[in-house]
Every structure is written in C-alpha cells, then in structure tokens.
Amino acid sequence: MKYWLLKTEPTTFSWDDLWKSPKRTTRWDGVRNFQARNYLRDDMQVGDLAFFYHSSADPTAIVGIAEVVRAGYPDESAFNPSDDHYDPKSKRDAPMWYVVDIRAKQPATKPITLAELREQKGLAHMVLLQKGSRLSVQPVSEAEWKLIYRLAFAG
DNA sequence: GCCAACGTTGGC
DNA sequence: GCCAACGTTGGC
C-alpha cells in the first residue's frame, strides 16, 4: 500500500464537501499536470491512503485522510467543452488526463498546519515542504505518514 | 495583493 | 533544442 497527499483549495472543494458527498466519495478530477497525472494513472491503487491538504486556506493544513476506492481511469471533464477543465488535446481513444475516486476516511483529531509540519525534523524531505513545490498529487513516505498520523490523527 | 517558483507554449 | 514570455500556483 502507498501513501499520498492531495491538495485542494477549500473554496473549491473542501474536506467538509467530501464528508458530505454521497458515500463520502468523490471523483478527483481536473488535475492538469503531467507528473500528478502519472501518479493518478499509474501508481494510485485501491486501498492507498491520502492526506487531504487545504491550500490557499487559513490555515493551510492537513485536515483529513481519504482512501482510494477506484484506481485511475480517464477524466471525463477533459472531454466536455463546457467544463472548466476541458482540454481538446485529450481524446476518448487517447485520454490525456486521469482521475481516481476517493472516500473520506477520518478527519484530523487536530489538523496539522504547514507551519507545524515545517517544525518536524523528520519531514525535511517531504515533497510538500520542498521549495517551490506545487504538485497537487504527491507521494508520502511511510515514515512521514506515521509521524504525521501520530501528531494529527491519533487519540 | 504581492511575488517567487514552476510548467507550458511557441518562435526561432 | 533553446529559451523568453506567459499563465498558474500558493504561501505570506
């Protein structure tokens, strides 16, 4: 099983939105970055877990854990000319963009902020904390996962 | 609102 | 293939 971090702006789609979704499940669509696409298409598997991170928020923080409930499949929103995420370069017979389905699993006992994450020595190499890091789908190591879980989800 | 950093586009 | 210009991300 692998671990991940998914970024979202809560004004667009928040943890509460996910929690209130039917079956607490949503399609993680609209990702338009090739590296993130590769993770969605090739690496995320059913049962993988992901920290749910609020960016451009006050505060920016990890606020929950979601579980992958369907592995990568083509992003329909790329085919729809009236969708904000329409991309004419993506074809049905050669999809360019992919999604996974995720289900809310557990809210943070105490959300852990970006500033608090930066204080942790064990997280020095975490993708989220690297200078200029903008990836919206990121791998998280098992050690990073356990450390953050203990701080924000245990108890 | 500012702006640094990044990814993409397109001219050459 | 290079790289300047542009648009976007996202912390502050």
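So that the names make sense, note that chain A is the first sequence line, chain B the second, and so on, each numbered from 1. This is a predicted model, so every value here is computed, not measured.
Between the side chains of A:Ser55 and A:Arg134, no donor-acceptor pair of N or O atoms lies under 3.5 Å.
Looking only at distances, a side-chain donor or acceptor of A:Gln130 sits under 3.5 Å from a matching main-chain atom of A:Ala124.
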Please write out each protein N/O paired with an N/O of nucleotides 6-9 of chain C under 3.5 Å, distance rounded to 0.1 Å.
from  : atom 1 : to       : atom 2 : distance (Å)
C:dT8 : O2     : A:Arg134 : NH1    : 3.1

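Here A:Leu128 is tied into one hydrophobic group with A:Met1, A:Tyr3, A:Leu5, A:Leu49, A:Phe51, A:Tyr53, A:Ile62, A:Ile65, A:Ile112, A:Leu114, A:Leu117, A:Leu123, A:Met126, A:Leu129, A:Val140, A:Trp145, A:Leu147, A:Ile148, A:Tyr149, A:Leu151, A:Phe153, each link being a pair of ILVMFWY side chains closer than 4.5 Å.
Remark: A:Tyr86 engages no residue in a ring pair (Phe, Tyr, Trp, His ring centres under 6.0 Å) (not counting sequence neighbours).
In summary, A:Lys89 and A:Asp87 engage in a salt bridge, as defined by a charged side-chain N under 4.0 Å from a carboxylate O.
Here C:dG10 presents its P atom at 15 Å from CG of A:Leu117, a figure rounded to the nearest Å.
In terms of phosphate contacts, A:Lys131 brings a side-chain nitrogen or oxygen within less than 4.0 Å of OP1 or OP2 of B:dA5.
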